[in-house]
Amino acid sequence: MKNYDLIVVGGGVLGAFHAFHALNLGLKVALFEKNTAPQSATVRNFGQVVPSGFNSKWQKYGRRSLEIYKKMQADFDISVRQNGSVYLASDDDEMLLLEELSKINRENDYPSKMLTAAECLKKYPGLRDDYVRGGLFFPEEITLEPRTAIHRILKYLVENQGLEYFPDTQIEDVNLGSFSCNVVASDGRKFRAEKVIVCSGSDFRTLFPEIFAASDLVAVKIQMLETVPQPKLKIPGSILTGLSIRRYESFSECPSWSEVKKRELPDSFEKKWGVHILFKQTTSGSIILGDSHEYADAKNADDLGFDVRFDVNDFIIEKAREIFDLENWQMQRAWSGIYSQCKTQDIFLHDLENRIHIVTGIGGKGMTGSAGFAEENVRRIFNPNFKN
């Protein structure tokens, strides 16, 4: 039976970075992934790393994540591109929130720059002049390729950091022994570790179902699309638009937020399905579009189903066409993904005798916040006297 300092269950971005920081402490670490490669929320997103969209607490984690991603990229290609992020305003309310967030950024010493409509049109080819009123640009922010980044990160951890990685290995039981934690795989193999971190995403049934059923966790289903490549069009970085300004946490800290929200139509299609419009061009030239949001309590996660709603996708495309003129609006794929988040907390943390640690429910903050948050959480787990 193999023994470790730490076993991590779940090979998505949250689990991978818990393993990364434990390895940096000199610990012997194993990571178990139930699929042949991660298949869930970590690969079904935009690949946008945007601390600008977070509240003050999580922006700190996101900014630390930027540093970690860039340092890792310097050692090993994980698909990082530093092209910045921009929020594009379409009306006076959105411009007001951009100006207020710009002021907050200055106070937080986080670089950003207000852009005029003309500057936005020059910087972002295809942007429609009848949409944009101005923008707020974040030069430090990066993009990753969502379908490949986690595989590159795991490869880096194995080859450069000494991670023992077990893909295609379903863990069916994690329990407390007398002096260690016992981990049992579905094929009968058994492992031991001083501590176990369970980053199971939206899988609420395999491990500790009773804990998840009693929690405030919800499953969130998103829908996204991807166009065919646009060979002549180059749109740099992450593009976040007016509906994103009206949705993201960072703007809720702006003085005018409440008044702006009061003026919105409560029964609009975008509110019903949680739609905001994002663009991100991949290295192949295609454009990822999205996204929408449906919710179900953890115990009712199956209610979300596997269907993709065409009316939601049609609405995303319709709104996207009001913002950008692309060369070709043909879609080559559409998909849904499910992640977990909490109703009343910003992340779900549950410790069993300070030896088994359940960490999930990071919500839409995963790609941006996991690297920074996991660093602090690993220190907390292995040093009870750690103070943030």
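Paired with Asn377 under the rule side-chain hydrogen bond (donor to acceptor under 3.5 Å, both in side chains), one option of Arg379, Glu375, Arg380 passes, and it is Arg380. With Ser85 as the fixed residue, the side chain to side chain contact (heavy atoms under 4.5 Å, CB included) test singles out one of Gln48, Glu141, Lys280: Glu141. For the pairing with Phe251, the ring pair (Phe, Tyr, Trp, His ring centres under 6.0 Å) check across Phe54, Tyr87, Trp257 returns one residue only, Tyr87. Among Asn313, Val275, Val220, the one residue that satisfies the side chain to side chain contact (heavy atoms under 4.5 Å, CB included) test with Ser292 is Val275. When each of Lys195, Glu194, Glu164 is checked for a side-chain hydrogen bond (donor to acceptor under 3.5 Å, both in side chains) with Tyr4, only Glu164 meets the rule.
Looking at Asp168 and Thr36, their side chains never bring a donor and an acceptor atom within 3.5 Å of each other. At a cut-off of 3.5 Å, with distance as the only test, a side-chain donor of Thr360 or Ser340 sits close to an acceptor on the other residue. Between the side chains of Gln59 and Asn55, no donor-acceptor pair is found at a separation under 3.5 Å.
Electrostatic pairing of Lys272 and Asp267 does not count as a salt bridge here, judged by no charged N lying under 4.0 Å from a carboxylate O. Ionic pairing of Lys122 and Glu119 is not present here: no N-O contact between side-chain nitrogen and carboxylate oxygen is shorter than 4.0 angstrom. Salt-bridge annotation for Glu145 and Arg81: present, with a side-chain N of the basic residue lying under 4.0 Å from a carboxylate O of the acidic one. In summary, Lys221 and Asp303 do not engage in a salt bridge, as defined by a charged side-chain N under 4.0 Å from a carboxylate O.
A cation-pi arrangement is present between Arg147 and Trp335 under the rule of less than 6.0 angstrom and at most 45 degrees off the ring axis.
Aromatic ring centres of Phe46 and Phe279: separated by at least 6.0 Å. Proximity of the aromatic rings of Phe324 and Tyr124 is defined here by a centroid distance below 6.0 angstrom, and this criterion is not met. Between Tyr69 and Phe17, the ring center distance clears the sub-6.0 Å criterion.
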(request) Would you check, one step at a time, whether the test side chain to side chain contact (heavy atoms under 4.5 Å, CB included) holds for Asp92 with Arg133? (result) CA-CA 8 Å; Asp92 290 342; Arg133 295 286 304 277; 2.6 Å; yes
(message) Does Asp314 form a salt bridge (Lys or Arg N to Asp or Glu O under 4.0 Å) with Lys319? I'd like the steps, not just the answer.
(response) CA-CA 9 Å; Asp314 288 345; Lys319 291 300 179 183; over 6 Å; no
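Here Tyr248 pairs with His276 under the ring pair (Phe, Tyr, Trp, His ring centres under 6.0 Å) rule; sequence neighbours left out. In this structure Leu96 satisfies the side chain to side chain contact (heavy atoms under 4.5 Å, CB included) test together with Glu99, Glu100, Ser256, sequence neighbours excluded. Under the rule for a ring pair (Phe, Tyr, Trp, His ring centres under 6.0 Å), the partners of Phe76 that lie at least two apart in sequence or sit in another chain are Tyr156. Applying the ring pair (Phe, Tyr, Trp, His ring centres under 6.0 Å) test to Phe137 and every residue at least two apart in sequence or in another chain returns nothing. Not counting sequence neighbours, the partners of Leu25 by the side chain to side chain contact (heavy atoms under 4.5 Å, CB included) test are Leu27, Val378.
Both Ile316 and Ile323 are assigned to one and the same hydrophobic cluster, defined by single-linkage of ILVMFWY side chains at heavy-atom distances under 4.5 Å. Under a hydrophobic-cluster definition in which Ile, Leu, Val, Met, Phe, Trp and Tyr are linked whenever side-chain heavy atoms come within less than 4.5 Å, directly or via other members, Leu14 and Ile222 are assigned to the same cluster.
Within the structure, the salt bridge (charged side-chain N to carboxylate O under 4.0 Å, His left out) test picks out the following pairs touching residues 224-235 (sequence neighbours left out): Glu226-Arg333.
Taking CD of Gln82 as the reference point, atom CG of Leu66 lies at 8.0 Å (rounded to 0.5 Å).
Atom NZ of Lys70 has more than 12 heavy atoms from other residues, nucleotides or ligands within 6.0 Å.
Under the 3.5 Å distance criterion, the side-chain polar atoms of Glu33 are matched with a main-chain donor or acceptor of Asn35.
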